[in-house]
2 protein chains.
Amino acid sequence: MSDPAPGDGAVPPPPWERSPRRRASPARVPLTRERIVEAAYVVLDREGYDGLSMRQVAAELGVAVSGLYAHVAGKDEVLRLMYERLFEGHELPPPDPANWQEQVKDFAREGRRRLLLHRDMAKISMTHVPFTPELLVHVESLLAIFRVAGLPDTVAAAAGDVLSTFMDGFVHEESMWDERRRDSKAETWEEMRATIKGYFDALPHERFPNIVALSGKLFDESNDARFELALDIILRGLASYIPPGDAPPSR
Amino acid sequence: MSDPAPGDGAVPPPPWERSPRRRASPARVPLTRERIVEAAYVVLDREGYDGLSMRQVAAELGVAVSGLYAHVAGKDEVLRLMYERLFEGHELPPPDPANWQEQVKDFAREGRRRLLLHRDMAKISMTHVPFTPELLVHVESLLAIFRVAGLPDTVAAAAGDVLSTFMDGFVHEESMWDERRRDSKAETWEEMRATIKGYFDALPHERFPNIVALSGKLFDESNDARFELALDIILRGLASYIPPGDAPPSR
DNA sequence: TTCTATCATTGAACAGTGTTCGCCAGCAAG
DNA sequence: CTTGCTGGCGAACACTGTTCAATGATAGAA
């Protein structure tokens with residue numbers, strides 16, 4: 001497109017321009033890890049996780065597949081770099097015992113927001129354990145907030161598990177429904193939701209009374225509302241472990 | 001091996017044994033969905049999720065790959081059947097408001113137990129949304145317990161999300177650590193845990209004071225203890241939504 | 001018993017995948 | 001201008017899931 005091959009209507013470059021052109025051709029931006037990750041994101045958004053192949057990434061860059069392996073150990077490393085770049089610049093504020101709950105919620109909200117930035121990103125996120133040096137600062141900050149808030153150490157340690165598995169799992173479920181919507185003929189989310197609700201409403205009342213009764217609550221609520229509510233459930237549970245008198249949420 | 005081709009030392013079967021032999025050969029158990037799923041489990045346990053291929057399953061059955069497709073739509077269906085069979089017979093007791101929390105915990109414990117029965121099973125579990133008819137009864141039973149306990153409907157709807165994403169996520173993390181252990185030279189879990197703890201202890205104290213301080217709590221605790229604690233966090237959060245006076249956890 | 005029709009099973013093929021290796025063109029240094 | 005070198009290239013390997021024409025053995029009919 002922007003780099004047409006000679007021979008299909010394009011006149012060959014005049015000889016006196018050979019010198020500058022010679023610079024132009026090799027002056028194509030050199031392949032770097034950053035450019036590879038960037039291209040991988042483009043492919044991921046367009047083709048989804050299953051369509052994210054090294055060949056597609058190479059094609060996106062207009063480069064041979066084998067060229068990628070000079071800068072990257074393999075596909076695993078590409079996925080890891082994508083995962084790490086997604087949370088770059090994601091920093092938590094210094095612990096404030098007065099509203100630690102809101103701080104934790106903000107962390108989860110921001111995490112979800114970033115995961116939703118790219119299609120199928122939750123799939124990639126879940127296959128990585130966040131103990132690479134760049135991601136450890138998040139764990140550290142979260143633990144700081146928990147401890148300053150007065151949570152016992154064991155609870156603080158477990159809280160990270162609950163929060164991160166929930167965050168990944170929730171977004172993953174969201175993207176699975178979105179994928180299902182893509183596969184079906186439903187164009188809009190509303191249409192898809194109506195289809196699902198119809199399926200649940202059509203279930204035999206006597207065998208699934210509660211599902212039928214809650215079909216509205218299960219899917220009519222927006223994902224944001226369900227996410228917020230679930231966050232609140234988790235944080236209420238955590239708060240219940242703060243010893244009375246220890247940094248009470250007075251304010 | 002057990003079925004040597006004629007011509008390399010094996011004498012051909014005498015003609016008078018042809019009749020019984022003819023029965024023996026076709027008397028091989030016929031291919032069924034059940035046998036395919038069973039073989040898939042064997043391959044999964046031996047090779048892990050990445051080694052679970054249709055060809056391996058076919059080889060396990062001593063059958064051509066293409067033969068599988070006469071009984072199964074494809075690999076996706078095999079994974080779905082495996083997932084559904086894992087939870088076969090997993091039934092919840094009738095709702096008892098007096099100890100609904102223990103009922104919910106038992107559900108999660110049994111779910112984790114089954115997921116741990118087969119290597120990488122959590123990976124398979126997470127890619128499925130439990131809305132197939134066979135699995136809907138679980139959702140139904142859980143909702144029943146939540147509602148009878150007095151949880152508001154919106155909370156009951158969200159509670160299922162929190163619980164299932166946590167269950168899958170926690171076991172998935174467990175199996176990821178186990179996979180990492182397998183890859184490393186560490187044989188036992190204790191050895192692996194020591195390695196991890198050593199890594200955390202070696203972190204710079206000034207940058208990661210909380211991680212260093214909690215390195216013991218993060219990994220010395222057994223997975224069971226962490227799972228139980230996390231369950232308790234979630235259930236305390238849920239319980240906080242029961243309106244006062246509505247089926248109080250007296251006893 | 002002999003023939004036939006049926007259907008489960010097969011082998012080969014196709015279009016992909018991640019990864020490796022030998023080669024070659026173009027650049028910087030001498 | 002020549003030399004050395006290295007980044008990118010093409011081709012290949014060993015896989016993957018899936019399809020399809022052909023085949024083999026079986027059960028039923030004559």
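This is a predicted model, so every value here is computed, not measured. The sequence lines fix the lettering, A, B, ..., with proteins before strands; numbering per chain opens at 1.
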Can you tell me the distance, in whole Å, between the [atom1] atom of [X] and the [atom2] atom of [N]?
{"X": "A/Ile36", "N": "D/dG8", "atom1": "CD1", "atom2": "C1'", "answer": "12 Å"}
{"X": "B/Arg33", "N": "C/dA8", "atom1": "CZ", "atom2": "P", "answer": "14 Å"}
{"X": "B/Met54", "N": "D/dT16", "atom1": "CE", "atom2": "C1'", "answer": "11 Å"}
{"X": "A/Leu68", "N": "D/dG7", "atom1": "CG", "atom2": "C1'", "answer": "12 Å"}
{"X": "A/Arg35", "N": "D/dG7", "atom1": "CZ", "atom2": "P", "answer": "15 Å"}
{"X": "A/Leu61", "N": "D/dC9", "atom1": "CG", "atom2": "P", "answer": "10 Å"}
{"X": "A/Tyr69", "N": "C/dG22", "atom1": "OH", "atom2": "P", "answer": "17 Å"}
{"X": "B/Gln56", "N": "D/dC15", "atom1": "CD", "atom2": "P", "answer": "9 Å"}

Tell me which residues in residues 74-84 of chain A put a heavy atom below 4.0 Å from DNA chain C, sorted by number, or none.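 Correct list: A/Gly74, A/Lys75.
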Looking only at heavy atoms, which two atoms of A/Met126 and B/Met176 are closest? And how far apart?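 The pair with the smallest heavy-atom distance is O-SD, 3.7 Å.
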Kindly give the heavy-atom pair with the smallest separation between B/Leu52 and B/Lys75, and that separation in Å.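 Between these two residues, the closest heavy atoms are O-NZ, 2.9 Å.
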Using the rule given for side chain to side chain donor-acceptor pair (under 3.5 Å), can you reason through A/Thr132 versus A/Glu84, listing the C-alpha separation, both sets of side-chain angles and the distance that settles it, and then say yes or no? CA-CA 8 Å; A/Thr132 144; A/Glu84 290 175 7; 3.1 Å; yes
Would you indicate what B/Val63 reaches in the nucleic acid, counting non-hydrogen atoms under 4.0 angstrom: base, sugar-phosphate, or nothing? sugar-phosphate
Mind checking B/Ser66 for me? I need base, sugar-phosphate or nothing, with any heavy atom below 4.0 Å counting as a touch. base
Just N and O in the side chain of A/His71: are any of them under 4.0 Å from OP1 or OP2 of D/dG7? no
Pair A/Phe200 + B/Phe131: ring centers closer than 6.0 Å: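 Centroid separation for A/Phe200 and B/Phe131: below 6.0 Å.
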What do you reckon, are the aromatic ring centroids of B/Phe166 and B/Phe227 less than 6.0 Å apart?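 When the ring centroids of B/Phe166 and B/Phe227 are compared, they turn out to be within the sub-6.0 Å range.
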Shortest side-chain distance from A/Arg55, nucleotide among C/dT20, C/dT17, C/dT9: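 From the listed options, C/dT17 comes nearest.
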Side chain of B/Ala64 only, heavy atoms from C-beta on: which candidate in D/dG17, D/dG10, C/dT10 is closest? C/dT10
Report yes if some heavy atom in the side chain of B/Val78 is under 4.5 Å from a heavy atom in the side chain of B/Val57; otherwise report no. no
Got more than 12 heavy atoms from elsewhere within 6.0 Å of CZ, B/Arg182? yes
Around atom CZ of B/Arg207, are there more than 12 heavy atoms from other residues, nucleotides or ligands closer than 6.0 Å?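 No, because the 6.0 Å sphere around CZ of B/Arg207 holds 12 heavy atoms or fewer from other groups.
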Please round to 10 degrees the angle between the axis of the first five pairs and the axis of the last five pairs in the helix from C/dT1-D/dA30 to C/dG30-D/dC1.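 End axes: 20° apart.
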What residue among B/Tyr41, B/Tyr49, B/Tyr83 forms ring-ring contact (aromatic ring centres under 6.0 Å, His included) with B/His118?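 One option only clears the test, and that one is B/Tyr41.
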